[in-house]
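Worksheet: the structure to be examined is printed underneath.
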Amino acid sequence: MRASIADIATHVGRQVTLHGWLHARRSSGKIHFLIVRDGTGFIQAVMSKAAVGDEAFLRADHLSQETSLSVTGAVRADARARGGYEIDVTSLEVHGDSHDYPITPKEHGVDYLLDRRHLWIRSERQTAILRVRHEVISAVRDFFNGRGFILCDTPIFTPAACEGTTTLFPVQYFEDTTAYLTQSGQLYNEANAMALGKVYCFGPTFRAEKSKTRRHLTEFWMVEPEMAYADLHDVIELAEGLLTSVVARVLETRRPELQILERDTSKLERVTAPFPRLTYDEAARRLAEKGQPFEYGTDLGGSDETVLSEQFDRPVCVTHYPAAVKAFYMKADPRQPDKALCVDVLAPEGYGEIIGGGQREDDLQRLEQRIRAHNLPPQAFEWYLDLRRYGSVPHGGFGMGIERCVSWICGLEHVRETIPYPRMLYRLYP
RNA sequence: UCCUCGGUAGCUCAAUGGCAGAGCAUCCGGCUGUUAACCGGAGGGUUGCUGGUUCGAGUCCAGCCCGAGGAGCCA
């Protein structure tokens with residue numbers, strides 16, 4: 001009977017066949033310990049000379065790492081085994097051999113592993129991270145679908161800068177047109193929200209910034225909800241609801257993976273609403289109290305975010321940044337026009353900004369002014385201005401970077417491990 | 001783009017300006033409860049590249065290439 005390792009507990013006492021790969025092998029004169037993985041988990045298969053006979057035992061003597069094989073045997077609970085179960089092999093079939101597998105059980109450098117990312121993802125740690133990523137994405141979709149949001153994806157080829165502030169990847173679009181890879185679905189989302197009320201897009205995003213830090217990728221995935229008839233308060237509540245629901249789901253379904261990653265889950269248990277809320281001015285005061293060198297009026301830097309988030313045990317929402325440092329479409333606070341109705345959510349433990357968003361400028365004249373002030377080509381935004389010409393309403397939303405979110409939930413050092421094939425400044429292979 | 005650090009065996013790393021080394025991996029042998037198993041043996045080198053200083057350079061100097069961490073920018 002065919003079985004998978006994930007549900008091996010349901011097969012105790014029965015004879016099963018596992019289809020997988022040899023992850024590692026330890027051998028004695030008359031007993032082999034084969035660590036087999038099948039994509040759903042890892043298990044130790046025990047092959048004794050007495051049980052399989054001399055010939056079969058000898059053949060298994062030289063099985064090497066990542067040989068694809070099927071093992072058949074009885075499932076047995078065993079306290080000595082990691083995972084609690086073992087399989088006593090009665091027969092073994094090899095499908096494809098594997099010589100000099102480059103990723104050995106010993107340590108390797110990051111550069112070496114990234115050059116072999118297509119093989120690295122087979123490791124226990126990497127498969128655990130990718131399962132958590134899957135769960136985060138799945139929880140995000142369930143959250144929005146459950147709240148009546150319509151998935152309405154935005155284009156990846158775009159005619160011009162969405163925000164005009166960051167560098168874009170140009171691509172040749174037929175003979176004589178240049179298109180750019182999207183850096184945000186934001187503007188299209190606003191149009192979609194005027195059509196469907198509550199929408200979200202979820203796709204890859206591209207930033208040609210020459211960033212070289214543990215928080216940056218040139219290609220990453222972002223989920224962006226947008227709501228018509230919504231203000232900053234609604235946006236913050238939505239962000240809070242999303243994060244608490246995603247963390248709760250991962251804790252509920254991916255404990256074994258978090259354990260493999262040695263994640264301190266008590267820190268995730270504390271991620272419940274409400275999140276602390278600070279204005280930019282309050283944040284600046286806190287930074288000054290901590291002696292953090294910070295120039296009032298500028299955006300928060302990486303170390304500023306770390307100092308702030310360390311003061312709380314859950315994500316913190318920072319609102320009302322100076323309008324000057326934020327994107328042109330942010331609505332100014334009517335009560336203090338130099339501040340924007342925006343929110344950044346900073347993850348705990350120094351993981352920094354994982355969500356950025358706010359209320360959008362819905363007044364035609366003010367928006368035109370902002371476009372001019374940012375030196376953006378007005379003709380590129382005519383369609384966007386139409387949204388203010390034909391039934392403008394207060395609206396808002398945010399973007400959440402999936403990789404930063406997964407990195408935080410998994411407790412990783414670098415976002416590059418949260419995506420199957422990371423794209424970075426100096427890395428486009430494999 | 002800037003700052004800092006690094007590049008030596010397949011991998012991870014040692015080596016005061018003076019014989020190029022270890023562990024793991026690989027191959028051979030041993031071992032019936034191993035958990036990155038262990039024990040014995042063998043093979044394995046254009047020290048990133050180019051030039052310079054020196055009796056002598058992995059080591060010092062210059063330039064270049066590649067990578068990592070950080071800054072700026074951002075999710």
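Worth knowing before you read on, the calculation uses all heavy atoms, side chains too, and leaves out hydrogens, waters and symmetry mates.
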State, with a plain yes or no, whether a side-chain heavy atom of A:Arg117 is found less than 4.5 Å away from one of A:Arg416. no
Between A:Gln126 and A:Glu417, is there a side-chain donor-acceptor contact under 3.5 Å, judged purely by atom types and distance? yes
Ignoring backbone atoms, establish whether A:Arg416 has a side-chain N or O less than 4.0 Å from OP1 or OP2 of B:rG69. yes
Both distances under 3.5 Å, Watson-Crick or G-U wobble: report the partner of B:rG58, or none. none
Rounded distance in Å - CE (A:Met400) to P (B:rC74): 20 Å
RNA chain B: 5'-proximal contact among A:Glu403 and A:Gln44 (nearest heavy atom): A:Gln44
Short side-chain N/O contact from A:His216 to OP1 or OP2 of B:rG72, under 4.0 Å: no
Tell me: CG of A:Leu181 to P of B:rC74, nearest whole Å? 19 Å
Throw together a table of side-chain donor-acceptor distances under 3.5 angstrom for residues 396-405 of chain A, partners on residues two or more places apart or in other chains.
unit_1	atom_1	unit_2	atom_2	d
A:Glu403	OE1	A:Trp221	N	3.0
A:Glu403	OE2	A:Arg133	NH1	2.9
A:Glu403	OE2	A:Arg133	NH2	3.3
A:Glu403	OE2	A:Trp221	N	3.3
A:Arg404	NE	A:Arg215	O	3.1
A:Arg404	NH1	A:Glu353	O	2.9
A:Arg404	NH2	A:Arg215	O	3.3

What is the nucleic acid contact for A:Asp344, judged by heavy atoms within less than 4.0 Å: base, sugar-phosphate only, or nothing? nothing
If the C1' atom of B:rA57 is compared with that of B:rU16, how far apart are they to the nearest Å? 14 Å
Need one value for A:Ala81: base, sugar-phosphate or nothing, where a base atom within 4.0 Å counts as base even if backbone is also close, heavy atoms only. nothing
B:rG23 and B:rG58, which share atom name P, separated by this distance in whole Å: 24 Å
Under 4.0 Å between any heavy atoms, over every strand shown, what does A:Arg82 touch: base, sugar-phosphate, or nothing? Just pick one. nothing
Which one, B:rU34, B:rC74, B:rA75, comes nearest to the side chain of A:Glu86? B:rU34
Can A:Phe220 be said to stack with the base of B:rA75, given centres closer than 5.5 angstrom and planes under 30 degrees apart? yes
Does A:Ile355 reach a base, just sugar-phosphate, or nothing at all? Heavy atoms under 4.0 Å. sugar-phosphate
Counting side-chain heavy atoms from CB outward, which of B:rU32, B:rG33, B:rA75 is closest to A:Lys30? B:rU32
Interatomic distance where CZ belongs to A:Arg26 and P belongs to B:rC39 [whole Å]: 15 Å
Applying a 3.5 Å limit to both distances, which nucleotide forms a Watson-Crick or G-U wobble pair with B:rG23? B:rC11
What distance do A:Ile43 atom CD1 and A:His23 atom NE2 have between them, rounded to the nearest 0.5 Å? 13.5 Å
Establish whether the base of B:rG69 is bridged to the side chain of A:Glu413 by a donor-acceptor pair shorter than 3.5 Å. no
For B:rG56 versus B:rC64, give the span between their C1' atoms, rounded off to a whole number of Å. 26 Å
So if I take every side-chain heavy atom of A:Tyr112 and compare against B:rC73, B:rU12, B:rU34, which nucleotide ends up nearest? B:rU12
No-H, no-angle donor-acceptor pair, A:Arg404 side chain to B:rC74 base, under 3.5 Å: yes
Check: residues 91-102 of chain A side-chain donor-acceptor pairs under 3.5 Å, at least two apart:
unit_1	atom_1	unit_2	atom_2	d
A:His95	NE2	A:Ser70	OG	2.6
A:Ser98	OG	A:Gln65	O	2.7
A:Tyr101	OH	A:Leu119	O	3.1

Taking atom types as modelled, find out whether A:Asp304 and A:Gln292 have a side-chain donor-acceptor pair closer than 3.5 angstrom. yes
Does a side-chain N or O from A:Lys212 land closer than 4.0 Å to OP1 or OP2 of B:rA68, or not? yes
Pick the P atom in B:rA25 and in B:rG52, then give their distance to the nearest Å. 43 Å
Interatomic distance at C1', B:rC73 relative to B:rC2, whole Å: 14 Å
Pair of N/O donor and acceptor under 3.5 Å linking B:rC74 base with A:Ser211 side chain: no
When all nucleic acid strands are considered with a 4.0 Å heavy-atom cut-off, which category describes A:Gly109: base, sugar-phosphate, or nothing? sugar-phosphate
P spacing across the pair B:rC61 / B:rG18, given as an integer number of angstrom: 15 Å
Between A:Phe143 and A:Tyr200, does the ring centroid distance fall short of 6.0 Å? no
Phosphate oxygens OP1/OP2 of B:rA68: is one of them under 4.0 Å from a side-chain N or O of A:His414? no
Rounded distance (Å) that lies between atom C1' of B:rA75 and atom CH2 of A:Trp408: 14 Å
Now, which nucleotide makes the Watson-Crick or G-U wobble pair with B:rA71, with each of the two distances under 3.5 Å? B:rU1
Which residue lies more 5' along RNA chain B, comparing A:Pro102 with A:Ser28 via nearest heavy atoms: A:Pro102
Determine the contact category for A:Arg125: base if any of its heavy atoms lies under 4.0 Å from a base atom, sugar-phosphate if only primed atoms, P, OP1 or OP2 are that close, otherwise nothing. nothing
Could you tell me whether the side chain of A:His108 has a donor or acceptor atom within less than 3.5 Å of a complementary atom in the base of B:rC11? no
Measure CG/A:Asp61 against P/B:rC27 and give the value in whole Å, please. 11 Å
Paired to B:rG17 by Watson-Crick or G-U wobble criteria (both distances under 3.5 Å) is none
Say we look at B:rA22 and B:rG29: how far apart would their P atoms be, to the nearest angstrom? 23 Å
Rounded to whole Å, please give me the gap between CZ in A:Arg215 and P in B:rA75. 12 Å
If we take the C1' atom in both B:rU50 and B:rC66, what is their distance in whole Å? 15 Å
Can you check the A:Tyr426 OH to B:rG7 C1' distance for me, whole Å? 16 Å
OH/A:Tyr296 to OG1/A:Thr298 distance, rounded to the nearest 0.5 angstrom? 10.5 Å
Base paired to B:rC64 (Watson-Crick or G-U; both N/O distances under 3.5 angstrom): B:rG48
Tell me the interatomic distance from A:Arg427, atom CZ, to B:rA68, atom C1', rounded to whole angstroms. 10 Å
Hey, does the Lys NZ or Arg CZ of A:Arg277 hover above the aromatic six-ring of A:Phe275, less than 6.0 Å from the centre and inside 45° of the axis? no
Scan A:Ser27 against the nucleic acid and name what it touches under 4.0 Å (heavy atoms): base, sugar-phosphate only, or nothing. base
